[in-house]
Engineer: 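Starting off with a structure, shown below.
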Amino acid sequence: MATLQKIRNRAGLLIIVIGVALLAFIIGDGLRSGRSVVQGDRQTVINVDGKKIGYDVYQERLRQMTEAAEAQGMKLSEEDRIRLNNQLAQEFIQDAAIEKIQEETGIKVTGKEFYALISGNGVMQNRSAQQFFQQMGINANDPKAISDFLSQIDSKNIEKLPNEYQQAYARISQNWSNLTSSIINERIMQKYSAIMARSYTLNDIDKKFLASDVSRSVAVVRTPSTAYTNEEVTVSDADISTFYKDHPQFYKLQAPYKLVDYISLQIRPSQKDFADAQGNMLKAKSELAATNEEETVTRNYNEGFAPKFYLSETEIGMLGLAEPLVSFIKSAEVGAVNTPTLANDRYDLIKLVDKKQGPTTVAAQVIVLDSINAKHIDSLVNTINNGTKTFDEMVATYSIDPETKANNGYLTTHNPQTGIAERNLSHSVVSRSGLDTLFKVTPQRAFVMGEGNNKVIMRVAELGEVGNLYKIAYTQVPAIFSDETYRKAHSKLNNLLTKDNSNFDQMAKEAEAEGLSVSRDVAVAASSETLGSIPSSREVVSWALRGKEGDVNDKIFRCGDDYLVIARIGKAIKGDLVPLSEVKEQIKNQLVAEKRGDLFAKNLASKNITSLEGYATAMQSTIDTLANVTIMPNGQMPAEFAGESFATKVGSISAPFRAQTEVMVVKPLAENKAVTTSSQTRDARLEQMRNGVGQSLGYRSFLSIIKGMKITDNRGNFF
């Protein structure tokens, strides 16, 4: 009881103590939550209207895109990787915009509709899906083959496969999943454009112009407004400010950026370096001419290769060699080596190792057997060769490989130019696959290929056309700068940096005096592939995006192989609009051109010139004649040109007028009316034009949605 009484007497103190404890708990929890939120923001790569794309999700998708590009044989440069990064960022932004469209319109794509799109069941088959199936060796016109393929790359089925196959099938499945999203988004946009097409109608005036069968041939004299250098034309700061305020849509800032000043030096080989390169070239030429082991020689030099297989003339053309080298290959004697000249700081050496005529391609079929039927492989081969069963029938009955079975057993390769699967296999393709035998066996005869448990049945279905085949050895001997040349170049910049590292302007002044390149106010953003035109300079961009205004890096950046850079971070540009100070000169130049154009046209009109020849002389220009000019602008000429061409009577000369940043005078020469078309044809053309306008509206509306989104691009913090 005494204890309870003490508690009652000190109730107020107890409440305070409990309150303080609760407050501490709440504050602590809030701080932890705050750290979590901040940490979450720090891991956000892109935020689109509140939808955050975290680093892990973004990086995984970027990895998939990179691997897909490399799987196509691309050797990705630093710039290529940033382009992929920019492409991915746009995909996330566009996905968010499409989601917004779906939320506000209710547009969706059903499962049944999606399957129709990828199989062509009742609708035109999606082109991307068609190409994907062809690349996988699947008959894109066979719905069952498509359905079987999708079942094979289902995650549950992949889990049942042997471990050595799971990774490859999982990659295919992921690629299909990404393509699925793209196909669905494309379909949603088609539906959205259709809605936009139904959101307006053509009035009688629209129809009159759109369906017009009238065109004119028009003579025109034109000259740029800037050719008129009248000093009376002035543009005030007030004019510039007014234009800027009246056209905010031109200067909307989608993402922040920074301005960078930098000093750069491209390292070039010295005279001694060039002399050394010539000596190396002569040595390489001598070694190539004297050896039968060309691969050993080319391996010692830059970008060398000496394949054991033959190349067709088509494949020679695809190597990207200079024309003199291609001509040498086609005309040289076997064993000859060219005498190269220095071009692009390198010598290109070619040896014609061998030359012959023969089939340039082969079409081959294969039957992959299970372990039970593999025991009877010789018997199955005899069944084919004695005519009891055709090869195609045996493929359908016995092959267990879904990709080749769906293609009647044919092996395929992807055309590097079109990406489409082809049956015609060249010497290089079969050689790299270890199938040289295909060019040595008798066509139409089945045979056993492989050893042990890896035997398959193959046959050459047909040989391709006969042509010239070449075996070559190629290598480059570059003229590269020596370590001594590099040290001298680095020392030149290092002397500037160590002497004036706190005063970039002084460094820049001394650099210009020494003939070095100085660039100022170069804009960089998260999407920038390079710093200005400096190759492989993304490291400088990333540093600038993360740093503070005025920072000068305390080291010299080495960009790529041959550029050295000293950089300073300038102004950070943020907000909704690009600052007026950044576009002031651009606006001024535009307004000056327009004012000069108006004044030039006015002065020309006051001269009362009566012929186009007279105008051509006064405008220091020539007379051009354009045919099939219609009232509808075609994008190649300003809209004012089309309007004046039809507002002026045939045979008459228009008054001088400004068309955007040009001054023009037109003279319609003749009016042509097409053969009268039926009302049905005219209506069909109108509907086609109407749909085209609808698609245009859909696209412009989509861009407007994206422009209206609040996008925070934090990629500069990660990449």
Side-chain angles (χ1 to χ4, degrees), residues 70-75 135 137 284 287-322 325-338 348-366 404 410-443 445 447-451 454 456 458-476:
E70 291 174 338
Q72 296 296 320
M74 291 178 61
K75 187 176 181 181
Q135 290 172 358
E287 291 175 349
L288 269 180
T291 186
N292 292 323
E293 297 294 330
E294 290 83 9
E295 187 176 4
T296 302
V297 175
T298 58
R299 195 183 301 124
N300 294 328
Y301 296 92
N302 194 49
E303 299 292 334
F305 61 86
K308 299 296 184 182
F309 49 80
Y310 289 86
L311 297 169
S312 67
E313 290 191 355
T314 300
E315 290 174 315
I316 291 291
M318 293 168 59
L319 291 177
L321 301 175
L325 296 179
V326 175
S327 298
F328 174 82
I329 293 170
K330 293 180 179 180
S331 61
E333 296 292 329
V334 172
V337 182
N338 72 316
D348 289 335
L349 281 168
I350 284 276
K351 178 180 180 179
L352 181 60
V353 179
D354 196 11
K355 176 180 179 179
K356 69 177 183 178
Q357 279 201 329
T360 55
T361 60
V362 64
Q365 291 172 284
V366 65
T404 53
Y410 279 95
L411 297 173
T412 59
T413 184
H414 297 124
N415 185 304
Q417 295 177 317
T418 64
I420 298 176
E422 294 182 347
R423 292 181 178 181
N424 296 325
L425 312 177
S426 67
H427 283 261
S428 61
V429 170
V430 299
S431 179
R432 286 195 294 263
S433 303
L435 300 174
D436 307 70
T437 303
L438 294 176
F439 277 96
K440 302 173 183 177
V441 299
T442 303
R445 296 284 296 176
F447 65 95
V448 177
M449 185 76 179
E451 297 179 355
N454 297 318
V456 295
M458 298 192 75
R459 80 158 180 172
V460 172
E462 60 180 340
L463 297 173
E465 62 181 16
V466 174
N468 291 324
L469 296 165
Y470 308 90
K471 188 180 289 187
I472 64 171
Y474 169 82
T475 193
Q476 294 177 356

Engineer: Which heavy atom of Thr475 sits nearest a heavy atom of Tyr301, and at what distance?
Structural biologist: OG1-CB, 3.0 Å
Engineer: How far apart are the closest heavy atoms of Phe328 and Asn338, and which atoms are they?
Structural biologist: CZ-N, 3.3 Å
Engineer: Using the side chain to side chain contact (heavy atoms under 4.5 Å, CB included) rule, take Val362 and Phe439 through it: C-alpha gap first, then chi angles, then the decisive distance, then the call.
Structural biologist: CA-CA 7 Å; Val362 64; Phe439 277 96; 3.8 Å; yes
Engineer: Could you tell me the separation between the CG atom of Leu469 and the OG atom of Ser312, rounded to the nearest 0.5 Å?
Structural biologist: 7.0 Å
Engineer: For Asp348 versus Leu325, what's the shortest heavy-atom pair and its separation?
Structural biologist: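 Minimum heavy-atom contact is CB-CD1, 3.6 Å.
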Engineer: Determine, for Tyr310 and Lys356, whether the Lys NZ or Arg CZ falls below 6.0 Å from the six-membered ring centre while staying within 45 degrees of the axis.
Structural biologist: yes
Engineer: Over all heavy atoms of both residues, which pair between Ser431 and Asp436 is shortest? Give the atoms and the distance, please.
Structural biologist: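 Result for this residue pair: OG-OD2, 3.3 Å.
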Engineer: Evaluate the side-chain proximity of Ile316 to Ile472: yes if any heavy-atom separation is below 4.5 Å, no if none is.
Structural biologist: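 They are in contact (side-chain heavy atoms under 4.5 Å apart), so the answer is yes.
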Engineer: Can you tell me how far OH of Tyr410 sits from CG of Asn424, rounded to the nearest 0.5 angstrom?
Structural biologist: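 OH of Tyr410 is found 10.0 Å from CG of Asn424.
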Engineer: Considering all heavy atoms of both residues, which atom of Leu352 and which atom of Ile329 are nearest to each other, and what is their separation?
Structural biologist: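 Closest heavy-atom pair between Leu352 and Ile329: CD2-O, 3.7 Å.
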Engineer: So, does Thr298 use its side chain to make a donor-acceptor pair with the main chain of Glu295 at under 3.5 Å?
Structural biologist: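 Checked: pair present.
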Engineer: Roughly how far apart are Leu321 CG and Tyr474 OH, rounded to 0.5 Å?
Structural biologist: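 Separation between the atoms: 6.0 Å.
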Engineer: Look only at the side chain of Thr291 and the backbone of Glu287, and say whether a donor-acceptor pair between them is shorter than 3.5 Å.
Structural biologist: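 No; zero donor-acceptor contacts below 3.5 Å.
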Engineer: Could you tell me if the side chain of Leu435 sits less than 4.5 Å from the side chain of Met458, heavy atoms only?
Structural biologist: yes
Engineer: Glu422 and Thr412: side-chain donor and acceptor closer than 3.5 Å?
Structural biologist: no
Engineer: Please report the C-alpha distance between Leu425 and Thr361 in whole Å, then the side-chain angles of each, then the deciding distance to 0.1 Å, and finally whether the side chain to side chain contact (heavy atoms under 4.5 Å, CB included) criterion is met.
Structural biologist: CA-CA 5 Å; Leu425 312 177; Thr361 60; 5.9 Å; no
Engineer: Could you walk me through whether Leu349 and Val337 pass the side chain to side chain contact (heavy atoms under 4.5 Å, CB included) test, one step at a time?
Structural biologist: CA-CA 7 Å; Leu349 281 168; Val337 182; 4.1 Å; yes
Engineer: With a 4.5 Å limit on heavy-atom distance, are the side chains of Arg445 and Val441 in contact?
Structural biologist: no
Engineer: Going by atom types only, do Tyr470 and Glu315 share a side-chain donor-acceptor pair under 3.5 Å?
Structural biologist: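 Distance-only check fails for Tyr470 and Glu315.
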Engineer: Taking atom CZ of Arg432 and atom NZ of Lys308, what is their separation to the nearest 0.5 Å?
Structural biologist: 15.5 Å
Engineer: Taking all atoms of both residues into account, what is the closest heavy-atom pair of Ala284 and Val297, and its distance?
Structural biologist: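 What the structure gives for the nearest pair is O-CG1, 4.4 Å.
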Engineer: Nearest 0.5 angstrom please: Ser433 OG to Leu411 CG, how far?
Structural biologist: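 It is 8.0 Å, given to the nearest 0.5 Å.
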Engineer: Answer whether the closest heavy-atom distance between the side chains of Met449 and Thr437 falls below 4.5 Å.
Structural biologist: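 Side chain of Met449 against side chain of Thr437, heavy atoms only: contact under 4.5 Å found.
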Engineer: Within the distance-only criterion (no hydrogens, no angle test), does the side chain of His427 pair as donor or acceptor with the backbone N or O of Pro359 below 3.5 angstrom?
Structural biologist: yes
Engineer: Evaluate the side-chain proximity of Thr360 to Glu465: yes if any heavy-atom separation is below 4.5 Å, no if none is.
Structural biologist: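 Of all side-chain heavy-atom pairs linking Thr360 with Glu465, at least one is under 4.5 Å.
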Engineer: State, yes or no, whether a side-chain contact exists between Leu288 and Glu294 at a heavy-atom distance under 4.5 Å.
Structural biologist: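 Leu288 vs Glu294: side chains touch.
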Engineer: Can you find a pair of side-chain heavy atoms, one from Arg299 and one from Phe305, that are under 4.5 Å apart?
Structural biologist: no
Engineer: Report yes or no: does Lys471 contribute a side-chain atom to a donor-acceptor pair with the main-chain N or O of Pro307 at less than 3.5 Å?
Structural biologist: no
Engineer: Does any part of the side chain of Leu319, heavy atoms only, come nearer than 4.5 Å to the side chain of Leu311, both counted from C-beta?
Structural biologist: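 Contact flag for Leu311/Leu319 side chains = yes.
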